[in-house]
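To start, the structure itself, in C-alpha cells.
Worth saying up front: this structure is predicted, and the values here are computed from it rather than measured.
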Amino acid sequence: MENFRYYVALLLMIIVGVVTVKQIASCIVRSFVILLLLSAFAAIYFYCFR
C-alpha cells in the first residue's frame, strides 16, 4: 500500500508542476508580447511622428 501512496503523490506533484509551469510560461509569453507591442508602438512614434 505504501507504493500506491508514493505513486499517487508523485502523480499529484507532476500535475501540479505542469500546471504551475504552464501558468508561468503563459505569463512570460503574455509579457513578451506586450513588450514587443510597446516597442513597435515606440518605433512607429519615433520614426513617423518626430
Quiz prompt | Sequence-distant partners of T20, side chain to side chain contact (heavy atoms under 4.5 Å, CB included), two or more places apart | solution = V16, I24
Quiz item: Atom CD1 in I44, atom OG in S39: separation rounded to 0.5 Å?
Solution: 9.5 Å
Self-check item: Nearest-0.5 Å distance, CZ of residue F41 to CG of residue L37
Solution: 5.5 Å
Self-check item: side chain to side chain contact (heavy atoms under 4.5 Å, CB included) against L38, all qualifying residues, sequence neighbours excluded
Solution: I34
Quiz prompt | Listed partners of L12 passing side chain to side chain contact (heavy atoms under 4.5 Å, CB included), at least two apart | solution = none
Quiz item: Mind checking who shares a hydrophobic cluster with V21, ILVMFWY linked at side-chain heavy-atom distances under 4.5 Å?
Solution: none
